[in-house]
Structures are given as C-alpha cells and as structure tokens.
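A short write-up of the structure that comes next.
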Protein chains: 2
Amino acid sequence: MEDQESFLAGYDPRKYPSVAVTVDVVALTIRTGTLCVLLVERGAQPFAGQRALPGGFVKSETLDDAALREFAEETGLTPGRGELDRVHLEQLKTYGNPGRDPRMRVVSVAYLAFAPSLPEPTAGSDAARAYWVPVDEAKDLAFDHDDVLADGLERARSKLEYTPLATAFVAEEFTVGELRQVYGCVWGEELHAGNFHRKVLSVPGFVESTGRTTSRGGERGGPKAKLYRAGDATLLHPALLRPTREDRVR
Amino acid sequence: MEDQESFLAGYDPRKYPSVAVTVDVVALTIRTGTLCVLLVERGAQPFAGQRALPGGFVKSETLDDAALREFAEETGLTPGRGELDRVHLEQLKTYGNPGRDPRMRVVSVAYLAFAPSLPEPTAGSDAARAYWVPVDEAKDLAFDHDDVLADGLERARSKLEYTPLATAFVAEEFTVGELRQVYGCVWGEELHAGNFHRKVLSVPGFVESTGRTTSRGGERGGPKAKLYRAGDATLLHPALLRPTREDRVR
DNA sequence: ACAATAGTGTCTGTAAGACATTATTCC
DNA sequence: GGAATAATGTCTTACAGACACTATTGT
C-alpha cells in the first residue's frame with residue numbers, strides 16, 4: 001500500500017490527475033410561511049438552463065470561509081456590516097462520486113445555511129441570477145444537487161428537534177407563534193399551538209423574555225403576543241421531537 | 001464573481017494550484033472492555049514518529065470506497081470474505097484548513113468506522129504498522145487528527161443514543177449485558193443493569209431474540225443470559241439518552 | 001358580533017430513573 | 001455458602017399529546 005508520506009515525498013502536483021474541491025451551499029430561509037432554498041440558474045453546459053445550488057471553488061481560505069463567501073456573494077449581503085452575523089452555517093456532507101461532474105473529478109463540500117427572511121437578491125447586483133425557491137419546487141437540480149438538498153432538509157428537520165436552530169429563521173425578537181410557524185413549515189405539518197407554547201417555555205435556555213410585546217395583535221385578530229429572544233442553550237433538553245412517524249424508524 | 005462553469009470552461013488542471021483529497025478513518029472497536037481507535041505510526045516527516053489516523057489518497061473510486069479500502073488495508077481484513085460485512089462505515093466531516101498539512105493544501109474527508117472486536121493487525125502483513133490504542137491514550141496525533149478523533153468520538157456517543165449502532169460493536173449474537181458494556185465504555189460511565197435491560201427490550205426492533213442462551217454463566221457467577229441479534233430498526237424510538245449532563249447543554 | 005390568536009389548565013398514557021427482589025450460576 | 005449477574009417488579013416523577021377554556025385583539 002502506498003501511504004501518505006511516501007506518496008507526498010515523490011509527489012508532483014503537475015503530474016497528478018487533478019481533483020477540484022468546491023463548496024456548495026444549501027441556504028434555507030422562510031418567506032411568507034414557506035421554506036425556501038437559494039438556487040442559481042446555470043448558463044453553460046453541462047446542465048445549462050437547469051437550476052443548481054450556489055457554489056464555487058475553494059480558494060486560499062478555510063472551507064467554512066469559502067461557504068460563507070459563496071453565501072454572501074449570491075445573496076448580496078456584505079460582510080462586516082453585521083448582516084451575516086445571524087446566519088447559521090454548518091458543514092453538511094461531502095460528495096465526491098466519480099462522474100458527478102462530467103468534466104472532471106470534483107469533490108464538493110456541502111454546507112447548510114439558515115437565515116432569517118431575506119430580500120430577494122436584487123437585479124443588477126452580482127447575485128442577480130440567484131433567487132429563493134420553495135423547497136417543494138426545487139427539483140431536477142444540476143449535478144447531484146437533488147441529493148444534497150434532500151440531505152440538507154433532513155439535517156435541518158432533525159436539528160430543529162434538539163437545537164435552538166429555529167431561532168436562526170426568525171428576527172432577533174420573536175413571538176412563540178412565529179417560532180411555531182418555523183417548526184411547522186420546516187417539518188411540513190401544523191403543530192398544536194397550546195402544547196407547543198408550553199413546551200418551548202419549559203425548555204431551559206431556549207428562549208428568554210424581553211418583557212415586551214408586539215405592538216398589534218395578529219392580522220386576523222388575537223391579543224398582542226409576548227416577545228422573546230434566543231436564550232443561551234446550545235442543546236434543547238428536553239428535545240422537541242417530531243410527531244412520531246413509524247415509517248421513519250425502519 | 002467567478003462561477004463554476006466559466007471557471008471550468010477555461011480550466012487547465014496542470015496550471016491550477018493543486019489540492020489533494022484524502023480520506024482519514026476513525027476506526028473504533030472495543031477490546032477487553034476498552035474503546036480503542038486504530039492508529040498508524042508515521043515514519044517520515046512531517047510528524048515523524050507521531051501517531052496518526054490511517055488514511056490515504058482518493059483514487060478513481062467513491063469516497064466511501066476509499067474509506068473502506070483504507071480500513072481494510074490497515075486492519076488486514078480482506079474484502080469478499082464477509083469479514084468486512086459487519087463493519088459500519090459512515091462519513092464524519094471534512095477538514096480542509098490551509099496549513100493543516102505543511103506541505104500542500106490537503107482536504108481530508110474523515111470517516112467513522114465501527115467494528116466488533118478484531119485481532120491486532122499481524123506483523124508481517126501490509127498492516128503491521130497499525131494497531132489499536134485505547135482512546136484515552138490517543139493524544140498528540142499528527143496533523144489535526146486530535147480534532148478529528150474528538151469529533152468522531154462525539155459522533156459515536158451521540159449515535160448510540162438514537163440508532164442501533166451499538167450492535168456493530170458486538171458479535172452477531174450477543175447478550176443484553178454485552179450491549180450494556182458497549183454503552184458503558186463508549187459513554188464512559190456505568191449504566192444501571194436493570195433499567196438498561198428493560199429499556200433495550202422495550203424499544204421495538206432494537207434486538208430480537210434467538211431463543212438461545214449462553215452456554216455458561218458469567219466468569220464470576222450469574223445465570224446464563226439470553227442471546228439476541230440485531231433487529232430491523234434503523235432508529236431507536238424511544239431513544240436511549242445519555243444520563244443528563246447539564247454542562248452539555250450550554 | 002365574530003373570528004382568530006395568545007396563553008393557561010387539566011387529564012391520560014408513556015417513559016425514565018431509583019431501588020428492591022428473585023433466580024441462577026461460578027468459585 | 002457467598003458473590004456476581006440476569007431478569008423482573010414497584011414506585012415516583014417528568015413529559016407528550018389531546019383537549020378544553022379564558023382573554024384579548026382585529027375586522
């Protein structure tokens with residue numbers, strides 16, 4: 001067997017069959033009650049005209065930085081102004097099957113990004129070709145991006161259960177009802193308002209009260225709601241488990 | 001911004017600063033009641049004399065296949081004879097910080113392997129330089145492998161909670177006591193025998209009875225134990241949660 | 001007035017953890 | 001006999017889910 005050190009000792013980068021490393025980003029947000037993913041339109045072959053996850057080559061930077069850079073470029077958000085501070089970014093999985101890109105060997109490190117509701121990337125900016133698409137309509141993506149998106153969604157749904165991730169989808173101050181909307185549209189099912197309310201407040205460190213309320217009630221009636229901000233918990237205990245699906249088990 | 005397709009259209013692999021892609025394997029097993037990881041001794045610089053996780057370059061194969069190949073090479077197990085069938089392998093995380101390898105940019109896809117107790121790789125084989133080390137003694141590894149190992153251990157501990165992964169550490173037929181030993185030494189704390197017993201049997205699909213028992217009782221006394229094999233569940237419901245640590249939450 | 005929503009109260013079934021108990025085996 | 005272990009039983013507390021109910025707002 002050829003081990004790493006002996007290989008590298010005699011390694012000439014210019015002879016070796018090249019492998020390209022990219023990052024792809026599954027960026028999720030909630031717009032008007034619908035879970036959406038950021039997609040770009042491909043102009044060139046292969047997969048011309050199809051949609052794909054935003055991504056690009058890794059430069060002289062960490063993988064995390066590359067993912068954040070791609071996200072910022074495509075959304076038009078600018079670093080350094082705090083706009084990206086509330087974006088949660090985590091590594092998802094790496095995809096490297098030979099043939100996933102027909103031109104060459106490409107190993108892609110996929111990231112998952114969670115953002116509060118953002119404006120549509122404005123035409124005229126660098127990011128004009130990117131837009132938010134409801135996840136239900138994001139099909140037939142280029143490369144193996146259907147799989148990447150599916151893995152990202154499953155990760156997101158799972159992380160809502162045992163982390164305070166849902167707070168990354170709402171504004172800095174939010175109501176319990178808004179939080180319930182997040183769970184509802186990420187999990188794809190309505191949750192019982194009363195039980196959800198009691199449960200959220202019973203998890204230590206999930207949310208903390210601001211002492212204030214919304215200035216108005218709901219659009220279609222209802223009292224003013226108390227405002228909360230994210231607490232200091234990094235894990236929810238006890239967890240908020242999804243309604244049991246027996247078919248998820250086997 | 002330079003997008004993927006325009007980049008690739010004008011891409012000449014021989015000009016581009018090369019990035020190497022490797023796989024590293026965190027292979028875990030339990031030997032005489034201790035959780036052990038497979039390490040190799042490095043002969044050459046950098047990190048000569050230090051220990052490292054087994055790993056190597058990805059060839060014309062999937063990332064999963066590369067990880068399985070590395071695992072097989074280092075343990076001396078041979079594919080095709082069923083020896084590898086009971087090895088559970090899953091992708092862990094990808095490490096690509098610039099500078100993690102002093103010689104060049106190396107992006108490493110780490111894998112996690114779970115195996116039942118295996119013999120020490122025999123001297124004389126290709127794998128003579130690999131050996132099992134108790135995880136508590138696996139420190140000061142080469143590259144960023146301390147971090148990789150730590151991430152792998154946390155993943156393993158977490159996966160014991162909600163998947164039947166523990167059955168990958170024991171023989172095809174096992175007792176509830178053996179399963180409890182797995183949880184105990186991976187989590188690093190003893191579990192209450194009675195409660196554990198009742199709980200394991202109450203999770204649908206975790207274990208199924210073989211109808212048989214061990215031929216003898218325990219070494220220091222005790223009745224013969226019933227033998228079980230792994231059930232068909234892929235997720236444990238309800239989960240077997242670790243004893244609550246408040247300090248894990250924040 | 002009416003509909004919608006926020007928030008609370010109550011009840012039931014399930015599960016976790018602490019602990020006790022019985023039975024079986026090795027030494 | 002004595003120690004260790006397998007397996008089961010009991011009790012208490014906590015939590016999930018179903019549901020009812022009150023209070024407050026917008027239209």
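Just so it is clear: chains get the letters A, B, ... in the order the sequence lines come, proteins before strands, and each one is counted from 1.
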Which residues pass the side chain to side chain donor-acceptor pair (under 3.5 Å) test with [X], sequence neighbours left out?
{"X": "A/Asp147", "answer": "none"}
{"X": "B/Arg229", "answer": "B/Glu208"}
{"X": "B/Arg157", "answer": "none"}

Letter by letter from the 5' end, nucleotides 16-26 of chain C scores (B base, S sugar-phosphate only, - none; protein heavy atoms under 4.0 Å) SBBB----BBS

Of all heavy-atom pairs between A/Thr163 and A/Leu236, which one has the smallest distance, and what is that distance?
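Scanning both residues completely, I find the closest heavy atoms to be O-CD1, 3.3 Å.
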
Provide, to the nearest angstrom, the distance between the [atom1] atom belonging to [X] and the [atom2] atom belonging to [N].
{"X": "B/Phe196", "N": "D/dT8", "atom1": "CZ", "atom2": "P", "answer": "14 Å"}
{"X": "A/Glu190", "N": "D/dA18", "atom1": "CD", "atom2": "P", "answer": "14 Å"}
{"X": "A/Leu236", "N": "D/dA16", "atom1": "CG", "atom2": "P", "answer": "11 Å"}
{"X": "A/Leu179", "N": "C/dG7", "atom1": "CG", "atom2": "P", "answer": "12 Å"}

Check the phosphate of C/dA6 against A/Arg180, side-chain N and O only, distance under 4.0 Å to OP1 or OP2. Yes or no?
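Answer is yes, contact under 4.0 Å.
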
Do the side-chain N or O atoms of A/His197 get closer than 4.0 angstrom to the phosphate oxygens (OP1, OP2) of C/dG7?
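Result: yes.
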
Got a sec, which pairs hit side chain to side chain donor-acceptor pair (under 3.5 Å) with one end in residues 192-205 of chain A, sequence neighbours left out?
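The answer is A/Asn195-A/Arg198.
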
Run the side chain to side chain contact (heavy atoms under 4.5 Å, CB included) check on B/Val135 and B/Leu153 step by step: do they pass?
CA-CA 9 Å; B/Val135 293; B/Leu153 288 175; 3.9 Å; yes

Counting only non-hydrogen atoms, which of residues 170-178 of chain A are less than 4.0 Å from DNA chain D?
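Going residue by residue through residues 170-178 of chain A, none turns out to have a heavy atom under 4.0 Å of DNA chain D.
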
Is A/Glu90 paired with A/Lys159 through a side-chain N to carboxylate O contact shorter than 4.0 Å?
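Judged by the 4.0 Å cut-off on N to carboxylate O distance, A/Lys159 and A/Glu90 do form a salt bridge.
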
Measure the spacing between CG of A/Leu89 and CG of A/Leu112 and express it to the nearest 0.5 Å.
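Reported to 0.5 Å precision, the distance equals 8.0 Å.
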
